[in-house]
There are 2 protein chains.
Amino acid sequence: MPRKRRLTRDESRAETRQRLMESAERVFAEKGFYGASVEEISERAGYSRGAFYSNFEDKDELFLALFDERTDAQIAEVSELLAANPDPADFIAALRDRSVGRASQRTWIMLADEFWLYAMRNPKVRPKLAARERSERDAYQRAVVALHEAMGVAPPAPPELLALIVQALDAGFAWQQYLDPETITEDTFLDALALLTSASVALAEKSQLDNSARRA
Amino acid sequence: MPRKRRLTRDESRAETRQRLMESAERVFAEKGFYGASVEEISERAGYSRGAFYSNFEDKDELFLALFDERTDAQIAEVSELLAANPDPADFIAALRDRSVGRASQRTWIMLADEFWLYAMRNPKVRPKLAARERSERDAYQRAVVALHEAMGVAPPAPPELLALIVQALDAGFAWQQYLDPETITEDTFLDALALLTSASVALAEKSQLDNSARRA
DNA sequence: GTCTATATAAAGATAGAC
DNA sequence: GTCTATCTTTATATAGAC
């Protein structure tokens, strides 16, 4: 264990930045981009506004920094999740753990929604979030293809479309679930995924049957 | 055609309210709840702030009024759409017309997102939006049941789950499509619906086959 | 580097004139 | 009913002390 020592100027600065960003993540999620004041972000991080402005140009820069950090982390997360779980069933199980494990799931979904709105309203930011979504979609697509392979059938539709369906479901379920948790439980999304998997396989088998019938 | 006459006080007041709400719809969609100022809403409706405050208590009341109006309209719209299109294929075609016909589709999805965030942050409002979503889900469910009946099969899963899937897809696709219109076209959602319909029917047929095989 | 004090601007909301 | 003028609050951002 390394001997304790004073932080260098750069380390101290980085720590302040980090604490401000963690605080900002919470406040943005709670109040939204406009509703979150620099004062509240700073205070809840244990600093004053002065410290904030010595670390960030303005509120926009902070939000963008948060956006970049989260976007990069998510892209890496989904890719790693898939690499670590080549078996489709494991991948879905890992998805479940990911949602359950994220204690701050509600915070994250609110923040993701703020990101979406911010991206939709800022032409320079939109392509960056779109790229992040495409990257996530790629990971889903590899999972979908692997899953059908494991079941011994060809995907019954373009894998891009199947991946998009999974991704849209993920976002759409989150929206509905957090709005109405009494009706839609944690497991509903996974029930839906299981159902769609069976249905997709059934359709694939059916078209294989049709094809061999036509050949005979 | 009725003779022109002066508007009564009530009619004039109602018209001002209406114009303010239409303006507010655009400004809230563009800037979000906090970003939309009473001044801009009023000016773009052709009034001053004074007129605004003589018609609404404050910004919150206006947003809630808009929320209620839109919520009621949507519930009625989906129900009518289904009543007018008992045939499932017609219902899906009507869905397409609905999206194409709504020139202000982008405005609506931004506003819907603002509603969601607003509801998530206001405990008194959340149940109202949740009720609206449940009502929409009921309409989808009736459509799903009718669709399977028309194909001569029993739904291969609880109809509630199937309806929720359609609804989640609708929201999730809108999110992805407006973020990345270059990748995701207008028709992708309907392609997905068509695919899921075939897949659901294939799964239903498969389980019917399994059942008769077991009986034999 | 961070804090306190302060300048500046923007928005919400009200009051009184017409 | 709506407008203009005004009050009040709140937030961003900066400057200078430590």
Side-chain angles (χ1 to χ4, degrees), chain A residues 4-67 114 117-118 121-122 125, chain B residues 4-67 114 117-118 121-122 125:
Chain A
K4 259 186 199 165
R5 58 168 173 77
R6 267 203 140 72
L7 296 176
T8 66
R9 246 183 280 277
D10 275 4
E11 282 168 344
S12 165
R13 195 183 171 78
E15 191 178 321
T16 303
R17 257 185 89 95
Q18 188 54 34
R19 286 193 184 156
L20 283 168
M21 284 175 70
E22 282 165 13
S23 170
E25 183 173 326
R26 290 192 296 271
V27 183
F28 280 132
E30 279 174 30
K31 311 268 177 89
F33 179 72
Y34 283 97
S37 72
V38 171
E39 177 164 28
E40 182 168 0
I41 292 169
S42 307
E43 264 179 10
R44 283 169 61 172
Y47 295 94
S48 66
R49 265 172 296 171
F52 176 92
Y53 282 102
S54 91
N55 281 279
F56 295 94
E57 179 103 2
D58 53 23
K59 198 164 77 162
D60 254 86
E61 198 216 298
L62 167 66
F63 194 70
L64 270 175
L66 202 55
F67 179 90
E114 287 293 328
L117 284 172
Y118 188 80
R121 287 169 182 149
N122 292 272
V125 179
Chain B
K4 262 186 197 164
R5 57 167 174 76
R6 270 203 136 72
L7 296 175
T8 67
R9 248 181 280 278
D10 275 5
E11 282 168 343
S12 165
R13 196 184 169 78
E15 192 179 321
T16 303
R17 257 184 88 96
Q18 189 54 33
R19 288 195 183 153
L20 283 168
M21 284 174 71
E22 283 164 12
S23 169
E25 184 173 323
R26 288 192 298 272
V27 182
F28 280 133
E30 281 174 30
K31 312 268 177 90
F33 179 72
Y34 283 98
S37 73
V38 171
E39 178 163 29
E40 182 169 359
I41 292 169
S42 308
E43 264 179 10
R44 283 170 62 171
Y47 295 94
S48 65
R49 264 172 295 173
F52 176 92
Y53 283 104
S54 92
N55 280 280
F56 296 95
E57 179 104 3
D58 52 23
K59 197 162 80 161
D60 254 85
E61 199 216 298
L62 167 66
F63 194 70
L64 269 176
L66 201 55
F67 178 91
E114 287 293 327
L117 283 172
Y118 188 79
R121 287 169 181 149
N122 292 272
V125 178

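These numbers were taken from a predicted model, which means no experiment stands behind them. Reckoned from all heavy atoms, side chains included, excluding hydrogens, waters and symmetry mates. In what follows, chains carry the letters A, B, and so on, assigned in the order in which the sequence lines appear, proteins first and then strands, with residues in each chain numbered from 1.
- Applying the side chain to side chain contact (heavy atoms under 4.5 Å, CB included) test to A:R49 and every residue at least two apart in sequence or in another chain returns A:V38, A:E39, A:S42.
- What separates CG of A:N55 from P of D:dT14 is a distance of 14 Å, to the nearest Å.
- The nearest whole Å value for the distance from the CZ atom in B:F63 to the P atom in C:dG12 is 14 Å.
- Using modelled atom types, no side-chain atom of A:D60 and backbone atom of A:F63 make a donor-acceptor pair closer than 3.5 Å.
- Which of D:dC3, C:dT4, C:dA13 sits closest to the side chain of B:D58 comes down to C:dA13.
- Contact check, B:T16 against D:dT2: a side-chain N or O comes under 4.0 Å of OP1 or OP2.
- C:dA13 atom P lies 20 Å from atom OH of B:Y47, rounded to whole Å.
- Among all heavy-atom pairs drawn from A:R17 and A:N55, the shortest one is NH1-O, 3.1 Å.
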Distances under 3.5 Å only, N/O to N/O: pair up the protein atoms with those of nucleotides 14-18 of chain C.
none

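- Of the possible polar contacts, one joining the B:R13 side chain to the B:S54 backbone as a donor-acceptor pair under 3.5 Å is found.
- Relative to the side chain of B:K59, the nucleotides C:dT2, D:dT2, C:dG12 differ in distance, and C:dG12 lies closest.
- Exactly one residue among A:E43, A:E40, A:E22 makes a side chain to side chain contact (heavy atoms under 4.5 Å, CB included) with A:V27. That residue is A:E40.
- Closest non-hydrogen pair, B:L62 versus B:A24, comes out as CD2-CB, 3.6 Å.
- Of all heavy-atom pairs spanning A:E61 and A:F56, the tightest one is OE2-CD2, 3.6 Å.
- One N or O on the side chain of A:E114 and one on the backbone of A:F33 form a donor-acceptor pair closer than 3.5 Å.
- Between the C1' atom of D:dT14 and the CZ atom of A:F52 lies a distance of 14 Å, rounded to the nearest Å.
- Contact between B:E30 and A:R121 at its shortest, heavy atoms only, is O-NE, 2.9 Å.
- For DNA chain C, the residues of residues 32-44 of chain B within the heavy-atom distance limit of 4.0 Å (strictly under) are B:A36, B:S37, B:V38, sorted by number.
- In this entry the distance linking CZ of A:R17 with C1' of C:dT2 reads 16 Å, nearest Å.
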